[in-house]
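Here is the structure we will look at, set down as structure tokens.
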Amino acid sequence: MNINNMNIVREYGRPPFRAIVLHGGPGAPGCAAGLCRGIAERGIPVLEHLQTADTFDELMEEILNIMKRYSMERTILVGHSFGSWLAWCFAEKYPSMVQKIILTGGAPLEAKYLQDIIRTRNERKSQGKEDTDNYCALPGTSEDMLFFNKEQHEVLMAEAFTLRESGELLKRALRVRCPVTLLQGDYDPHPVEGVCAPLAGRLPQFSYYVLEKCGHDPWKEKYARKRFLDLLEAAL
């Protein structure tokens, strides 16, 4: 694993790289390293985008720069959480450059699901659960994040919420023409309906799988990791 290209990308495996992984957060570079390692362990070389910019447009420019550096005419985007929104936006803006999108821990496309997420997490906290996002995380799987950039997080989430509340985010998603696969845990506080319901019957190629005993980060889950990686490998 090497860090290069102005510290915005890490390599897992050797080129040619099949996909670019877009982490969540935002402002949490490195948090998808375990996902990247899991893919690489299946013999699939991938790149991890370490997001440094403060706007969607600038983040998409970073992805373009990564693709240029590695001479990638097209790629597969694997988006986790906030990274799923970034994947939608990039695929809509640069359709010829995206072969397909694979989403996990997919964030809702409509604002009405936000209260469901908050309520689910609060209920789990009231039950004494420290990890409100994952069903049964494997030991040592929460240490990948390099650091947390609070300012970047707040700026990007403000833009993301504006896109979602205005309906623009959903409009962009509905203009995506490439195949889209969603791998979502049944324990994820982000409800699968938040992605599936707005898209039902409205995309040319959309499929989804709900993983049992699985939360927001499937590659960390004791009971769902293998099934998740099997499905992800098949989709890639």
Side-chain angles (χ1 to χ4, degrees), residues 8 17-26 32 35 46-49 51-68 70 72-114 116-117 152 155-184 188 190-210 216 231-232 234-236:
I8 66 167
F17 295 98
R18 191 179 303 181
I20 300 174
V21 174
L22 311 178
H23 65 73
L35 171 57
V46 297
L47 298 170
E48 177 189 13
H49 175 205
Q51 304 160 18
T52 67
D54 294 332
T55 70
F56 273 73
D57 283 343
E58 290 171 347
L59 287 175
M60 288 189 282
E61 189 67 29
E62 288 185 350
I63 298 172
L64 288 176
N65 289 338
I66 292 171
M67 294 183 69
K68 181 179 179 180
Y70 290 95
M72 304 167 77
E73 293 184 3
R74 300 181 76 201
T75 192
I76 298 171
L77 296 178
V78 180
H80 174 246
S81 196
F82 170 83
S84 69
W85 288 339
L86 183 56
W88 286 119
C89 292
F90 188 89
E92 184 269 338
K93 188 172 183 178
Y94 303 103
S96 66
M97 303 185 75
V98 181
Q99 181 180 340
K100 67 174 66 172
I101 295 175
I102 302 171
L103 309 175
T104 185
L109 293 165
E110 294 180 303
K112 65 181 181 180
Y113 294 98
L114 178 59
D116 292 336
I117 298 172
Q152 183 193 31
V155 171
L156 282 169
M157 286 304 290
E159 181 179 3
F161 282 175
T162 296
L163 287 171
R164 187 167 66 177
E165 291 168 4
S166 68
E168 177 61 24
L169 182 62
L170 178 57
K171 289 178 182 177
R172 294 185 186 185
L174 291 172
R175 288 195 289 265
V176 170
R177 300 293 91 186
C178 68
V180 180
T181 299
L182 172 68
L183 306 176
Q184 197 87 347
D188 192 334
H190 300 72
V192 65
E193 297 84 5
V195 180
C196 293
L199 302 176
R202 304 172 75 181
L203 289 181
Q205 299 182 69
F206 176 69
S207 59
Y208 70 95
Y209 301 86
V210 179
H216 190 55
L231 290 168
L232 183 55
L236 285 165

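Predicted model only: the values in this text are computed from it and were never measured.
Side-chain contact between Ile101 and Phe90: absent, with no pair of heavy atoms (C-beta onward) separated by less than 4.5 Å.
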Run the side-chain contact (heavy atoms from CB on, under 4.5 Å) check on Leu77 and Leu103 step by step: do they pass?
CA-CA 8 Å; Leu77 296 178; Leu103 309 175; over 6 Å; no
Derivation and outcome, side-chain contact (heavy atoms from CB on, under 4.5 Å), residues Met60 and Leu86
CA-CA 8 Å; Met60 288 189 282; Leu86 183 56; 3.9 Å; yes
Step-by-step side-chain contact (heavy atoms from CB on, under 4.5 Å) determination, Glu62 to Leu59
CA-CA 5 Å; Glu62 288 185 350; Leu59 287 175; 3.7 Å; yes
Kindly determine whether Leu232 and Leu35 satisfy side-chain contact (heavy atoms from CB on, under 4.5 Å), including the steps that lead there.
CA-CA 10 Å; Leu232 183 55; Leu35 171 57; 3.8 Å; yes
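Considering CZ of Arg177 and OG of Ser96, their distance stands at 15.0 Å, rounded to 0.5 Å. Rounding to the nearest 0.5 Å gives a distance of 8.5 Å between CE of Met67 and CD of Glu73. Atom OG1 of residue Thr55 and atom CD of residue Glu159 lie 5.5 Å apart, to the nearest 0.5 angstrom. Here the CD1 atom belonging to Ile20 is positioned 4.5 Å from the CE atom belonging to Met72, to the nearest 0.5 angstrom. Atom NE2 of His49 and atom CD1 of Ile66 lie 4.5 Å apart (nearest 0.5 Å). Atom CE of residue Met157 and atom OG1 of residue Thr162 lie 10.5 Å apart, to the nearest 0.5 angstrom.
Considering every non-hydrogen atom in both Arg164 and Leu109, the closest pair reads CG-O, 3.4 Å. For the residue pair Ala173 and Leu203, the shortest heavy atom distance occurs at O-CD2, 3.4 Å. Of all heavy-atom pairs spanning His190 and Gln184, the tightest one is O-NE2, 3.1 Å. Here the closest non-hydrogen pair linking Leu22 and Gln51 is C-NE2, 3.9 Å. Minimum interatomic distance between Pro204 and Val176 (heavy atoms only, all atoms of both residues): CD-O, 4.0 Å. Taking every heavy atom of both residues into account, Ala111 and Glu165 meet most closely at CB-CG, 3.9 Å.
Between Tyr209 and the choices Val192, Leu182, Thr104, Leu231, the side chain to side chain contact (heavy atoms under 4.5 Å, CB included) rule is met once, by Leu231.
Looking only at distances, a side-chain donor or acceptor of His80 sits under 3.5 Å from a matching main-chain atom of His216. Distance alone, capped at 3.5 Å, places no donor-acceptor pair between the Lys171 side chain and the Ser166 backbone. Side-chain N or O atoms of Arg18 include one that pairs as donor or acceptor with a backbone N or O of Leu236 at under 3.5 Å. In this structure, the side chain of Gln152 engages the main chain of Ala53 through a donor-acceptor pair within 3.5 Å.
Between Phe161 and Trp85, the ring planes are perpendicular. Angles over 60° get that label, and only those under 30° would be called parallel. Ring geometry for Tyr70 against Phe17 counts as perpendicular: the plane angle is over 60°, on a 0 to 90° scale with 30° as the lower cut.
Within 6.0 Å of OH on Tyr208 lie no more than 12 heavy atoms contributed by other residues, nucleotides or ligands.
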